[in-house]
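Accompanying notes for the structure given below.
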Amino acid sequence: MLSGTDKNNGQNIEMIQRHSFPPSCSKMVTAKAWALKKHFDGLPKASDLELITTELPNLKDGQLLLESVFLSVDPYMRPYSQRDMKEGDIMVGTQVARIVESKNPAFTAGTFVVARGGWRTHFISDGKDLLLLPSGWPESLPKSVALGTVGMPGLTAYFGLLEICKIKPGETVLVNAAAGAVGSVVGQIAKIGGCKVVGSTGSDDKVAYLKSIGFDEAFNYKTVASLDEALRKASPDGYDCFFDNVGGEFSSVAIHQMKMFGRIVVCGAVSQYNNTVPQKGTFVQFPIVFKQLRMEGFIVTNWYNRQEEALKALLKWVVEGKLKFHEHITEGFENMPMAFIGLFKGENLGKAIVKV
Ligand SMILES: NC(=O)C1=CN([C@@H]2O[C@H](COP(=O)(O)OP(=O)(O)OC[C@H]3O[C@@H](n4cnc5c(N)ncnc54)[C@H](OP(=O)(O)O)[C@@H]3O)[C@@H](O)[C@H]2O)C=CC1
Ligand SMILES: O=C(O)CCC[C@H](O)\C=C/C=C/C=C/C(=O)C/C=C\CCCCCO
């Protein structure tokens, strides 16, 4: 195993070289990848991850060699790393990748696909988990949008709002982390659906952005004197649908402002992912019973059997200008840890993307 250090942006990145094949192989591609060196304890640290290089073997029949062009960093990676990964594993994740070489008749070199290759610059696939970009993808639309508004986060907003919340015109929708990849799509689809939309987010710039994309009300949860008052001021009659991305204290307050027969979509709990000790919240049974609420969690992959129709709808809204997107792009594969950690500091406005 060869190792060295490579300074980058002041970070010491330990480069570990692992030869998975004898150096004698010719034509091998050197891939970089981010491995989970140490399980996260609280907020992830760059030193919890290590940059490794591996030599990829030559392709077998049916295989494809892909190179990542854009990579996604998402909050789910934090809880999933704890649940699904062991130390040394390559971080899970998705990317828009270009097919460099194909020994698979279903795919031609040069094609761009959405893949689940993890945090890697290059990887080999058998083609089973590759998704072509939706047909009719405009040349002018950045392919990275397939990781955000017209990708998994957009699908999350689409199915969460239309199938779990089942919004109706004239209703009032509340969404937190509203300027993020999922939240910004939730608010805009709700507007398209004829709802009043209230969003909370963590900076004044993001509040201004929310208003620019059509939110009726938006506030900075970090600076309001009282969350309870801010929610009441934004919608004195309360909320029909609460699309919860954040969990924690926000949810404990918001539930008491739901209207009768309101619906709460539990999409995520990003405020809780870095807890070293599980937080104890309020009991929710009282408002659930006396307001006759429905509270339902979901994982977007459960709806992937319908992703084609949803992606088509999302792309159409983007092309028509009804669905605006914003990307927070970090340049450089070596900066993936920083981009990921930035999610938990609210550094991103819109979808966080790493451009290789
Ligand atoms: N159920 C599912 O299938 C899916 C669920 N999700 C969930 O949706 C949520 C949003 O994900 P996504 O849109 O990708 O991420 P975002 O693009 O919204 O980025 C995360 C945002 O969360 C906010 N945030 C971070 N830490 C905290 C905190 N401690 N308290 C309050 N807000 C915080 C920040 O925005 P701010 O400025 O507002 O603080 C930050 O920008 C997450 O909970 C994620 O797990 C996402 C995809 C699929
Ligand atoms: O290769 C993989 O499997 C990763 C690909 C994931 C894929 O892009 C799609 C789905 C992502 C789902 C995200 C879900 C969430 O963000 C919700 C996450 C966790 C909720 C746990 C809450 C724990 C609170 O303590």
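Hydrogens, waters and symmetry mates play no part in the numbers below; they use all other heavy atoms, side chains included. When a ligand or atom number is given, it counts from 1 through the structure's own listing order.
- Note that the CZ atom of F70 and the NZ atom of K355 stand 5.5 Å from one another [nearest 0.5 Å].
- Using a 4.0 Å cut-off to heavy atoms of T301, the atoms of ligand 2 that qualify are 9 (C), 10 (C).
- Checking each of R263, K191, K259 against E171 for a salt bridge (charged side-chain N to carboxylate O under 4.0 Å, His left out) leaves exactly one that passes, namely R263.
- The aromatic rings of W317 and Y158 sit tilted relative to each other, their planes meeting at an angle between 30° and 60°.
- The Y80 neighbourhood of ligand 2 comprises atoms 12 (C), 13 (C), 14 (C), 18 (C), with distances under 4.0 Å to a heavy atom of that residue.
- Regarding atom 18 (C) of ligand 2, its nearest protein heavy-atom neighbour is Y273 OH, 3.6 Å.
- Close approach of ligand 2 to P79 is summarised as follows: ligand atoms under 4.0 Å from at least one heavy atom of the residue are 19 (C).
- Separating the CG atom in D240 from the CG atom in L174 is a distance of 11.0 Å, to the nearest 0.5 Å.
- Nearest protein heavy-atom neighbour of atom 16 (O) of ligand 2: Y76 CB, 3.2 Å.
- The aromatic rings of W119 and F340 stand perpendicular to each other, their planes meeting at an angle above 60°, with 30° marking the opposite boundary.
- In terms of N/O distances under 3.5 Å, ligand 2 is approached by R116.
- Ring-plane geometry between F344 and Y273 is classed as perpendicular, the angle between the planes exceeding 60 degrees on a 0 to 90 degree scale with a lower cut at 30.
- Cysteines C241 and C165 place their SG atoms closer than 2.5 Å to one another.
- In terms of modelled atom types and a separation under 3.5 Å, the side chain of K206 and the main chain of G350 share no donor-acceptor contact.
- Atoms of ligand 2 found under 4.0 Å from any heavy atom of T94, numbered from 1 in the order shown, are 8 (O).
- Closest protein heavy atom to atom 25 (O) of ligand 2: Q272 CB, 4.2 Å.
- For the residue pair T330 and N335, no side-chain donor N or O sits within less than 3.5 Å of a side-chain acceptor on the partner.
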Would you mind writing out a table of all protein N or O atoms found under 3.5 Å from any N or O atom of ligand 1, naming both atoms and giving the distance to 0.1 Å?
unit_1	atom_1	unit_2	atom_2	d
ligand 1	1 (N)	C267	O	2.8
ligand 1	1 (N)	F298	O	2.8
ligand 1	3 (O)	V300	N	2.7
ligand 1	8 (O)	N245	OD1	3.3
ligand 1	13 (O)	A181	N	3.3
ligand 1	13 (O)	V182	N	2.8
ligand 1	17 (O)	A181	N	2.9
ligand 1	17 (O)	N348	ND2	2.9
ligand 1	19 (O)	N348	ND2	3.3
ligand 1	32 (N)	Y221	OH	3.3
ligand 1	35 (O)	K206	NZ	3.4
ligand 1	37 (O)	T201	OG1	3.4
ligand 1	37 (O)	G202	N	3.0
ligand 1	37 (O)	K206	NZ	2.6
ligand 1	38 (O)	T201	OG1	3.2
ligand 1	38 (O)	G202	N	3.3
ligand 1	39 (O)	Y221	OH	2.5
ligand 1	41 (O)	K206	NZ	3.4
ligand 1	41 (O)	N348	OD1	2.7
ligand 1	43 (O)	N245	O	2.7
ligand 1	43 (O)	Y273	OH	3.2
ligand 1	45 (O)	Y273	OH	2.6

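- The number of heavy-atom neighbours closer than 6.0 Å to CZ of F286, taken from other residues, nucleotides and ligands shown, is 12 or below.
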